[in-house]
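The structure under discussion appears below in the form of structure tokens.
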Amino acid sequence: MRDNVVSPVRASNTATADSRIVIIGAGIVGCALADELTARGRHDVTVLEQGPLPAPGGSTSHAPGLVFQTSPSKTLTAFARYTVEKFNALEVDGLPCFNPVGGLELATTPERWADLHRKAGWAASWGVRGELVPPARCKELWPLIDTSTVLGGFHTPDDGLARALLAARAQLERARRRGARFLDRHTVTGIEQQDGRVTAVVTDRGTFPATHVVSAAGFWGPVIGRMAGVDVPLLPLAHQYATTRPLPGLKGVNDPRTEASKPILRHQDRDLYFREHTDRIGIGSYAHRPLPVDPFAVLAYDEARARAQDMPSSLPFTAEDWAPSWEDSRALIPALRDAEIETGFNGVFSFTPDGMPVLGEAPELRGFWLAEAVWVTHSAGVAKAVAEWMVDGHAQTDLHECDLHRFEDAQRSPAYVQDRGARQFIEVYDVIHPLQPMDHPRPLRVSPFHARQRELGAYFLEGGGWERPHWYEANAHLVVPGGPERDAWSARHWSPIAAAEARATRERVALYDMTPLRRLEVTGPGALAFLQRMTTNNVAKKPGAVTYTLLLDEKGGVRSDLTVARLAPDHFQVGANSPADLHWLRRHAPADVHLRDVTSGTCCIGVWGPLARDLVQPLTRDDFSHEGFGYFRARRTHLGHVPVTALRVSYVGELGWELYTTADLGLRLWDTLWEAGREHGVIAAGRSAFNSLRLEKGYRAWGQDMTEEHTPYEAGLGFAVRLDRGDFLGRAALEHLPPPTRKLTPLLLDDPAAVVLGKEPVHVDGAPAGHVTSAAYGYTLGRCVAYAWLPPLTAGTAVHIAYFGEKVRATVADEPLFDPKMTRIRR
Ligand code: FAD
Ligand code: THG
């Protein structure tokens with residue numbers, strides 16, 4: 001990841017029937033993975049576990065097993081749905097592995113109650129059954145709670161309790177019947193490698209040759225990672241869980257075989273959750289201070305201390321941290337006022353910088369995979385996806401939010417992982433706005449224009465570690481009063497100044513800091529053939545051409561969308577999306593191609609608007625007229641003192657250029673453009689306006705609007721696919737596609753004052769039919785624009801979007817919504 005030179009490895013690396021696969025760890029993840037791999041005909045699977053089976057002592061050994069399926073992440077929700085479906089069908093000795101008691105989340109504050117409406121939207125978007133219910137219904141579902149402070153609840157009948165150890169055992173036994181070996185009391189002490197490939201796993205009881213190794217070591221991931229030379233970005237933290245003595249009110253209520261009959265319960269306003277253990281209540285708390293644990297200091301399982309409380313992942317209960325949670329529990333469940341805690345412990349599990357799992361093959365070592373930071377809730381879904389990925393080279397589910405490669409270099413330092421992991425713990429039950437930035441460590445990455453942006457009163461949010469201006473207070477005087485009022489939620493991290501910046505871009509000219517836009521340099525004698533083979537469009541054009549093109553996976557799913565600028569015969573500049581793009585290209589690159597991520601050492605300003613040419617032309621002797629410098633062309637030039645690479649590309653749909661230079665000259669470039677722009681009324685504009693303008697133009701944002709789950713045709717990107725020019729990765733799959741059953745569909749909200757923000761369910765004929773991907777107010781159109789995945793619909797179809805439980809009316813539109821004839825760009 002740090003090394004910018006192309007790695008020599010390029011062959012396909014999928015796990016075949018002959019592969020020798022070693023899994024480290026027999027917790028819920030290791031067992032599920034052995035099951036999913038052997039189900040796919042990979043029988044040479046050895047699972048090495050330091051502890052004794054069937055309860056080896058990791059996080060799984062005492063997870064209370066609450067499975068709430070709904071999450072803002074579509075992928076995590078899909079993982080949870082698969083886990084529920086799988087566990088519902090598993091049993092051991094007649095005992096079921098899942099008890100579908102349902103889930104109930106309570107709101108005791110207006111903010112939480114609003115958030116539960118939003119959550120009900122995600123559930124509808126991702127296909128989980130759920131219903132918002134009044135306090136009386138909460139009381140029916142959980143008679144022991146005092147509902148006097150409850151405003152309402154979200155009831156999800158298909159959620160419930162996983163029996164984590166039992167489910168691990170059921171999957172272990174099935175895998176064993178298919179040939180997998182499970183060796184307990186084997187402590188992994190080393191990973192052997194040769195020529196950048198993993199070759200064996202060393203234990204205290206012998207060495208196990210391997211072609212593929214998966215670390216499913218839970219919170220010990222960083223320890224195993226170090227053996228392999230891989231930084232594993234997770235932080236183990238302890239979390240308090242306690243069980244009461246038997247409660248008289250629960251006597252004889254629950255069958256000891258299934259342990260519970262009432263829904264699993266969340267009281268997130270107090271960072272608490274609850275479940276029944278036959279006649280006792282179990283209580284988990286996230287209310288306490290973060291209690292980080294050094295995984296290098298956690299001892300392996302010690303059988304001499306083999307009581308449940310002494311498992312390595314179970315630390316002594318710190319009573320002083322518990323007191324407020326106990327108070328809050330007794331306030332909610334008055335029956336606890338006469339009760340006592342019988343047992344309690346501080347249980348350890350993993351947190352990552354963004355709360356998502358870390359999955360995938362490590363960039364540092366081929367054949368070494370990670371399946372870490374996974375909850376019981378998502379375990380079976382993760383295992384299925386990782387097994388597909390290892391066997392087929394790609395998963396059926398979009399994994400970009402879970403991919404180890406999503407992290408920037410600056411996000412893999414131990415200090416960052418520590419800071420962010422602890423923060424995730426604190427925020428785990430908080431109501432989080434989709435734009436809410438982290439507050440620490442900031443600023444981490446800044447563009448060379450940062451000082452100027454601060455002078456202009458930039459309102460910074462954060463992305464990929466970058467400080468990104470969303471609008472500039474300096475533009476406040478451009479605001480025209482009287483725009484539509486926003487509700488409190490959509491008004492967060494938003495300002496009417498964005499409207500003024502959007503208008504200035506459409507009417508005059510604006511500078512956008514595009515530095516965070518990922519830039520790769522692809523050079524070498526094989527560069528052209530390589531890009532032709534990896535992408536869908538034709539990039540074999542004369543130097544000076546820019547091409548919009550796609551990266552597909554083998555099944556024809558969109559891995560990314562790129563701009564490829566041919567700067568010289570063997571020199572390309574690629575505008576890309578996630579860090580995973582670099583790794584994907586690097587993985588496939590032959591020896592005569594060199595790949596370098598040049599993002600950090602360079603910077604970019606987008607100069608866009610009808611006066612962009614008037615601003616730039618006087619700064620250079622080169623011809624920047626439409627004839628001299630056409631649309632989607634690139635050239636090197638000088639603007640004043642600054643050497644730049646100029647691309648005539650505009651994600652906001654206006655005349656103009658992306659101007660690139662090295663970081664040292666960035667400030668000079670900004671100042672040069674600023675000076676030259678004065679007479680044209682130039683402004684600096686932020687992401688908020690940018691996002692509005694790009695949606696008016698219908699330009700997709702990869703990862704948000706489309707992912708690997710979608711084909712180019714479904715995503716409306718068929719224009720970037722050239723089936724008439726030889727082979728490329730994913731082409732074969734495109735030739736055998738059935739007609740699309742869903743399309744990325746532009747919607748315009750009917751009410752000019754209405755807004756939605758993304759991920760809301762869309763109803764057609766009254767039934768949920770899809771979900772919103774991106775949305776933003778289109779200031780030029782005077783309507784909110786939303787893109788949504790929906791069955792093919794004709795323009796004019798009326799739909800509605802559920803926004804915090806409100807029905808917002810919208811109409812299917814024709815795209816692009818703005819300037820369909822491209823008269824503003826091509827002139
Ligand atoms: P583990 O179960 O920890 O398995 C990893 C295994 O790797 C261990 O058995 C370990 O012994 C083995 N190992 C490590 N190092 C080595 C080595 N060097 N050699 C050989 N073997 C090694 N999740 C939910 O979904 N719902 C909940 O309600 C829930 N509540 C929780 C409450 C508590 C108190 C705790 C602690 C966790 C809770 N979790 C919950 C989280 C959940 O338990 C974990 O995320 C999950 O069990 C992790 O599974 P795993 O297989 O990745 O890790
Ligand atoms: N600039 C550059 N590279 C990029 C982006 C960018 N790479 C990643 C991401 N953004 C790619 N996304 C787009 C989306 C649309 C366009 C450019 C990059 C675009 N499309 C025109 C259209 O659809 O009409 C032109 C397409 C064509 O002529 O083929 O401009 O922002 N450098």
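Throughout, residue positions are numbered sequentially from 1 according to the sequence presented. Source: prediction; values computed, not measured. One-based numbering, in listed order, for ligands and for the atoms of each.
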Quick one, [X] and [Y] - any side-chain contact, counting heavy atoms below 4.5 Å?
| X | Y | value |
| --- | --- | --- |
| Leu291 | Asp321 | yes |
| Phe274 | Lys262 | no |
| Ile23 | Glu49 | no |

Does an N or O anywhere in [X] fall below 3.5 Å from an N or O of ligand 1?
| X | value |
| --- | --- |
| Tyr241 | no |
| Val376 | yes |
| Gln50 | yes |
| Leu66 | yes |
| Ile28 | yes |

Indicate, as side chain, backbone, both or neither, the part of [X] found under 4.0 angstrom from ligand 2 when only non-hydrogen atoms are considered.
| X | result |
| --- | --- |
| Val546 | neither |
| Ala576 | backbone |
| Tyr631 | side chain |

Can you tell which part of [X] has a heavy atom less than 4.0 Å from ligand 1: side chain, backbone, both or neither?
| X | result |
| --- | --- |
| Trp375 | both |
| Phe219 | neither |
| Ile224 | side chain |
| Ala216 | backbone |
| His186 | backbone |
| Leu48 | backbone |

Best match, [options]: closest heavy atom to [atom]:
| atom | options | value |
| --- | --- | --- |
| atom 19 (C) of ligand 2 | Tyr699, Tyr512, Tyr660 | Tyr699 |
| atom 4 (C) of ligand 2 | Leu520, Thr563, Val564 | Thr563 |
| atom 40 (C) of ligand 1 | Ala63, Gly218, Pro56 | Ala63 |
| atom 46 (C) of ligand 1 | Val382, Val374, Thr187 | Val374 |
| atom 1 (N) of ligand 2 | Glu658, Arg694, Arg648, Met822 | Glu658 |
| atom 25 (O) of ligand 1 | Thr60, Val67, Thr377 | Thr377 |

[X] and [Y]: side chain donor to acceptor below 3.5 Å:
| X | Y | result |
| --- | --- | --- |
| Asp513 | Ser447 | yes |
| Ser774 | Asn691 | no |
| Ser313 | His62 | yes |
| Gln240 | Thr318 | yes |

Are the aromatic ring centres of [X] and [Y] under 6.0 angstrom apart?
| X | Y | result |
| --- | --- | --- |
| His186 | Phe208 | yes |
| Phe351 | Phe349 | yes |
| Tyr548 | Phe632 | no |

Sequence neighbours excluded and cut-off under 3.5 Å, please list the side-chain donor-acceptor pairs for residues 375-384, or say none.
unit_1: Thr377; atom_1: OG1; unit_2: Leu66; atom_2: O; d: 3.1
unit_1: Ser379; atom_1: OG; unit_2: Val376; atom_2: O; d: 2.7
unit_1: Lys384; atom_1: NZ; unit_2: Glu388; atom_2: OE2; d: 3.0

Which residue holds the protein heavy atom closest to [atom], what is that atom called, and what is the gap in Å?
| atom | answer |
| --- | --- |
| atom 12 (N) of ligand 2 | Asp561 OD2, 3.1 Å |
| atom 3 (O) of ligand 1 | Ser59 N, 2.9 Å |
| atom 11 (O) of ligand 1 | Glu49 OE2, 2.6 Å |
| atom 10 (N) of ligand 2 | Tyr651 CE1, 3.8 Å |
| atom 29 (O) of ligand 2 | Tyr548 CB, 3.6 Å |
| atom 26 (C) of ligand 2 | Phe719 CE1, 3.8 Å |
| atom 4 (O) of ligand 1 | Gly27 CA, 3.4 Å |
| atom 7 (O) of ligand 1 | Gly25 CA, 3.2 Å |

What's the verdict on side chain to side chain contact (heavy atoms under 4.5 Å, CB included) for Lys697 and Ile825, showing C-alpha distance, side-chain angles and the deciding distance?
CA-CA 11 Å; Lys697 235 359 239 168; Ile825 303 186; 4.1 Å; yes

Enumerate the atoms of ligand 2 whose separation from the nearest heavy atom of Phe632 is less than 4.0 angstrom.
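So the answer, numbered in order with elements, is 19 (C), 25 (C), 30 (O).
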
Atom indices of ligand 2, in the order listed, that fall short of 4.0 Å to a heavy atom of Leu517
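So the atoms of ligand 2 that pass are 1 (N), 2 (C), 3 (N), 4 (C), 5 (C), 6 (C), 10 (N), 32 (N).
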
Using the side-chain contact (heavy atoms from CB on, under 4.5 Å) rule, pick out the option among Val22, Val201, Val223 that qualifies with Val188.
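With Val188 as partner, Val22, Val201, Val223 yield a single side-chain contact (heavy atoms from CB on, under 4.5 Å), made by Val201.
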
At a 4.0 Å cut-off, with the gap strictly under it, does some heavy atom of Gly65 reach an atom of ligand 1?
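It does; at least one heavy atom falls under 4.0 Å.
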
So, 4.0 Å and heavy atoms of Pro64: is ligand 1 close enough to count as a contact?
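The answer is yes, since Pro64 has a heavy atom less than 4.0 Å from ligand 1.
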
Tyr660: partners by ring-ring contact (aromatic ring centres under 6.0 Å, His included), with sequence neighbours left out
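For Tyr660, no residue satisfies ring-ring contact (aromatic ring centres under 6.0 Å, His included) once neighbours in sequence are set aside.
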
Side chain to side chain donor-acceptor pair (under 3.5 Å) between Ser560 and Asp581: does it pass, once the steps are laid out?
CA-CA 7 Å; Ser560 191; Asp581 291 351; 2.7 Å; yes

Quick check: Gly575 and ligand 2, any N/O pair under 3.5 Å apart?
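So ligand 2 has an N or O lying under 3.5 Å from an N or O of Gly575.
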
Measure the acute angle between the ring planes of Phe425 and His239, then classify it against the limits of 30° and 60° as parallel, tilted or perpendicular.
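The arrangement is perpendicular - the two ring planes meet at more than 60°.
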
For the pair Tyr429 and Tyr286, name the ring-plane relationship: parallel under 30°, tilted 30 to 60°, perpendicular over 60°.
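Perpendicular: the ring planes of Tyr429 and Tyr286 meet at over 60°.
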
Take atom CZ in Arg827; do more than 12 heavy atoms of anything else shown fall under 6.0 Å from it?
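Above 12, so yes.
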
Is it true that the NZ or CZ of Arg468 lies under 6.0 Å from the centre of Phe690's six-membered ring and within 45 degrees of the ring axis?
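Judged by the rule (NZ or CZ under 6.0 Å from the ring centre, within 45° of its axis), Arg468 is not positioned above Phe690.
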
Does ligand 2 have an atom under 4.0 Å from some heavy atom of Trp702?
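Outside the 4.0 Å threshold, so no.
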
